[in-house]
Enquirer: 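One structure, pasted below without further comment.
From a predicted model like this one, the values you see are computed outputs, not experimental measurements.
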Amino acid sequence: MKTVRELFSELDEWKAYQANSTMSNIAKANHISRVKREIANRIDVEEYRDYILFKEES
């Protein structure tokens, strides 16, 4: 299982990837969505509640 740091690194790499075709662009979007979902599932929202609420007010 990858660490959250590794997942963020993978996300950055996929965001920087330049797709050459429509199919690879679709694959890129799907992969980014999957990595974001995995990150969201691994983060404890209650632990970062104050930070999230602070950012919402800003």
Side-chain angles (χ1 to χ4, degrees):
M1 181 175 272
K2 294 180 181 178
T3 65
V4 175
R5 182 178 302 276
E6 291 171 329
L7 289 171
F8 274 115
S9 178
E10 183 177 340
L11 182 62
D12 291 340
E13 289 172 14
W14 274 99
K15 284 182 175 181
Y17 172 73
Q18 296 295 318
N20 295 327
S21 68
T22 302
M23 288 305 291
S24 75
N25 196 35
I26 291 170
K28 173 186 172 180
N30 288 338
H31 197 82
I32 288 171
S33 294
R34 184 190 61 76
V35 173
K36 283 183 175 181
R37 256 192 324 275
E38 192 170 342
I39 290 169
N41 288 336
R42 301 272 301 277
I43 293 174
D44 180 16
V45 175
E46 287 298 322
E47 186 175 339
Y48 298 99
R49 180 181 181 165
D50 292 335
Y51 175 77
I52 294 168
L53 293 174
F54 174 77
K55 291 298 281 185
E56 186 180 62
E57 293 172 1
S58 299

Enquirer: To the nearest 0.5 Å, what is the distance between CD1 (Ile32) and CD (Glu13)?
Expert: 11.5 Å
Enquirer: Rounded to the nearest 0.5 Å, what's the gap from CG on Asp50 to NZ on Lys55? Could you check?
Expert: 14.0 Å
Enquirer: Using side chain to side chain contact (heavy atoms under 4.5 Å, CB included) as the criterion, list what pairs up with Asp12, not counting sequence neighbours.
Expert: none
Enquirer: Quick one: side chains of residues 37-44, donor-acceptor pairs under 3.5 Å with protein atoms, not counting sequence neighbours, listed by atom name and distance.
Expert:
from, atom 1, to, atom 2, distance (Å)
Glu38, OE1, Arg34, NH1, 3.1
Asn41, ND2, Arg37, O, 3.2
Arg42, NH1, Lys2, O, 2.6
Arg42, NH2, Lys2, O, 2.8
Asp44, OD1, Glu46, N, 3.4

Enquirer: If you link I, L, V, M, F, W and Y whenever their side-chain heavy atoms are under 4.5 Å apart, who else ends up in the same group as Met23?
Expert: Ile26
Enquirer: If the condition is side chain to side chain contact (heavy atoms under 4.5 Å, CB included), which residues does Ala29 pass it with, not counting sequence neighbours?
Expert: none
Enquirer: Rounded to the nearest 0.5 Å, what separation is found between the OG atom of Ser24 and the CD atom of Gln18?
Expert: 10.0 Å
Enquirer: Which pairs count as ring pair (Phe, Tyr, Trp, His ring centres under 6.0 Å) when at least one residue sits in residues 33-58, sequence neighbours excluded?
Expert: none
Enquirer: Listing request: all ring pair (Phe, Tyr, Trp, His ring centres under 6.0 Å) pairs with a residue in residues 19-39, at least two apart in sequence or in separate chains.
Expert: Trp14-His31
